[in-house]
Amino acid sequence: KPRHWKMLLSKLRISATQNEVTFGMLWKADLNRNETTFRDIMSIATGEGVLERMLQVIKDRWIPKDFELVRYQGKCNLIKGWDEMFEELDEDLNNLSSMKLSQYYKTFEEEIAQWDDKLQKLKIILDVWIEVQRKWVYLESIFLGSSEIKEMLINEYTRFKGIDSEFTSLMKKVSSKPNIIETMS
């Protein structure tokens, strides 16, 4: 990476950019005498490369990821695949936590912190969402499945109708734009 070249050229006291370096310049820098410098910078580049690839895997998973939806009784789409989504979230949050322990963390600190915050918030929202969806399905079958319940529990039925309208409206928005990250924004 350019930052590693900059570091190397600085330590070798070569006043040129990465693109201007010639073999002759490196030869004059006495590579044998500076072997430790090369090894140290290669070690940094390798360590940072590992973190960079781990971070890229997380971005590649979540940036394009859409909610998996299933049609529910012709009324609206519901989210399915919760277990897989939570497993992936936990895996990526654990990976982000382990990245923070790396000696090369500082280079990616801001980006790792952003993704950690984003996925932590996503997990909290999805924890609530799965519970709301589960309860909505349960109550929907009670309140909209029986005319007797409507008459016996008129206040609760009226309250549920408002919740039902709000929930189905939300799910229609999600269905029209199912990208998880965009939905959470």
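Every value quoted in this text rests on a predicted model; they were computed, and no experiment measured them.
- Screening Gln114, Gln120, Lys121 against Asp117 for a side-chain hydrogen bond (donor to acceptor under 3.5 Å, both in side chains) leaves a single residue, Lys121.
- Here the side chains of Leu144 and Gln73 are not in contact, with every heavy-atom distance at 4.5 Å or above.
- Looking at Gln103, Arg53, Lys1, His4 one by one, the single match for side-chain hydrogen bond (donor to acceptor under 3.5 Å, both in side chains) with Glu48 turns out to be His4.
- Classification of the Phe160-Phe143 ring pair by plane angle, with boundaries at 30° and 60°, yields parallel.
- Here the closest non-hydrogen pair linking Glu68 and Gly81 is OE1-CA, 4.0 Å.
- A 4.5 Å side-chain heavy-atom check between Leu170 and Trp129 finds at least one atom pair inside the cut-off.
- Met152 and Ile142 fall within a single hydrophobic cluster, where Ile, Leu, Val, Met, Phe, Trp and Tyr side chains are chained together by heavy-atom contacts under 4.5 Å.
- Surrounding NZ of Lys59 are more than 12 heavy atoms belonging to other residues, nucleotides or ligands, all under 6.0 Å away.
- Atom CD of Glu111 and atom CG of Leu55 lie 4.5 Å apart (nearest 0.5 Å).
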Decide side chain to side chain contact (heavy atoms under 4.5 Å, CB included) for Ile79 and Met85; before the verdict, give the C-alpha distance in whole Å, the side-chain angles of both, and the deciding distance to 0.1 Å.
CA-CA 10 Å; Ile79 297 171; Met85 204 171 2; 3.9 Å; yes

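- Applying the 6.0 Å contact sphere to CE of Met184 captures more than 12 heavy atoms from other residues, nucleotides or ligands.
- Judged purely by atom type and a 3.5 angstrom limit, Ser97 uses its side chain to pair as donor or acceptor with the backbone of Leu93.
- When each of Val57, Asn179, Leu89 is tested with Trp62 by the rule side chain to side chain contact (heavy atoms under 4.5 Å, CB included), just one qualifies, namely Leu89.
- Around CZ of Arg159, the count of heavy atoms belonging to other residues, nucleotides or ligands within 6.0 Å does not exceed 12.
- If you chain together hydrophobic residues whose side chains sit under 4.5 Å apart, Tyr72 and Tyr138 fall into the same group.
- To the nearest 0.5 Å, atoms NZ (Lys150) and CD (Glu156) are separated by 15.0 Å.
- If you take NZ on Lys172 and NZ on Lys75, they are separated by 8.5 Å, rounding to the nearest 0.5 Å.
- A salt bridge between Asp127 and Lys123 is absent, with no side-chain N of the basic residue lying under 4.0 Å from a carboxylate O of the acidic one.
- Residue Lys173 qualifies as open at atom NZ: its count of foreign heavy atoms under 6.0 Å is 12 or below.
- Proximity of Leu69 to Val174: side-chain heavy atoms (C-beta onward) are separated by under 4.5 Å at one or more points.
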Before giving the answer on side chain to side chain contact (heavy atoms under 4.5 Å, CB included), spell out for Thr107 and Leu51 the whole-Å C-alpha distance, their side-chain angles and the decisive distance to 0.1 Å.
CA-CA 9 Å; Thr107 304; Leu51 290 185; over 6 Å; no

Test side chain to side chain contact (heavy atoms under 4.5 Å, CB included) applied to Asn77 and Val70, step by step:
CA-CA 5 Å; Asn77 288 326; Val70 61; over 6 Å; no

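- Atom CG of residue Asn95 and atom CG of residue Asp90 lie 11.0 Å apart, to the nearest 0.5 angstrom.
- Listed by first and then second residue, the ring-ring contact (aromatic ring centres under 6.0 Å, His included) pairs involving residues 92-127 amount to none (not counting sequence neighbours).
- Atom CD1 of Ile58 and atom CG of Asp92 lie 4.5 Å apart (nearest 0.5 Å).
- One finds a salt bridge joining Glu131 and Arg134 here, because a Lys/Arg side-chain nitrogen approaches an Asp/Glu carboxylate oxygen to under 4.0 Å.
- The hydrophobic cluster containing Val128 also contains Val137, counting ILVMFWY residues as joined when their side-chain heavy atoms lie under 4.5 angstrom apart, directly or transitively.
- Counting heavy atoms from C-beta on, the side chains of Gln133 and Trp82 come closer than 4.5 Å.
- Residue Glu148 places its CD atom among 12 or fewer non-hydrogen atoms of other residues, nucleotides or ligands, all under 6.0 Å distant.
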Phe67 vs Leu126, side chain to side chain contact (heavy atoms under 4.5 Å, CB included): CA-CA, chis, key distance, verdict
CA-CA 11 Å; Phe67 283 112; Leu126 293 179; 3.8 Å; yes

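- Under the 4.5 Å side-chain heavy-atom criterion for ILVMFWY residues, a single connected hydrophobic cluster contains both Ile41 and Met25.
- Considering every non-hydrogen atom in both Pro178 and Ser175, the closest pair reads CD-O, 3.7 Å.
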Without placing hydrogens or testing angles, list every side-chain donor-acceptor pair under 3.5 Å for residues 6-18, not counting sequence neighbours.
| unit_1 | atom_1 | unit_2 | atom_2 | d |
| --- | --- | --- | --- | --- |
| Thr17 | OG1 | Glu20 | N | 3.4 |
| Thr17 | OG1 | Glu20 | OE1 | 3.4 |

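- A donor-acceptor contact shorter than 3.5 Å is absent between the side chain of Ser165 and the backbone of Lys161.
- Atom CZ of Arg71 is surrounded by more than 12 heavy atoms from other residues, nucleotides or ligands within 6.0 Å.
- In this structure, NZ in Lys65 is found 10.5 Å from CD1 in Ile181, a value given to the nearest 0.5 Å.
- Side-chain contact between Leu96 and Met54 is absent, with no heavy-atom pair separated by less than 4.5 Å.
- Hydrophobic cluster membership differs between Ile124 and Ile180, with clusters built from Ile, Leu, Val, Met, Phe, Trp and Tyr side chains linked at under 4.5 angstrom.
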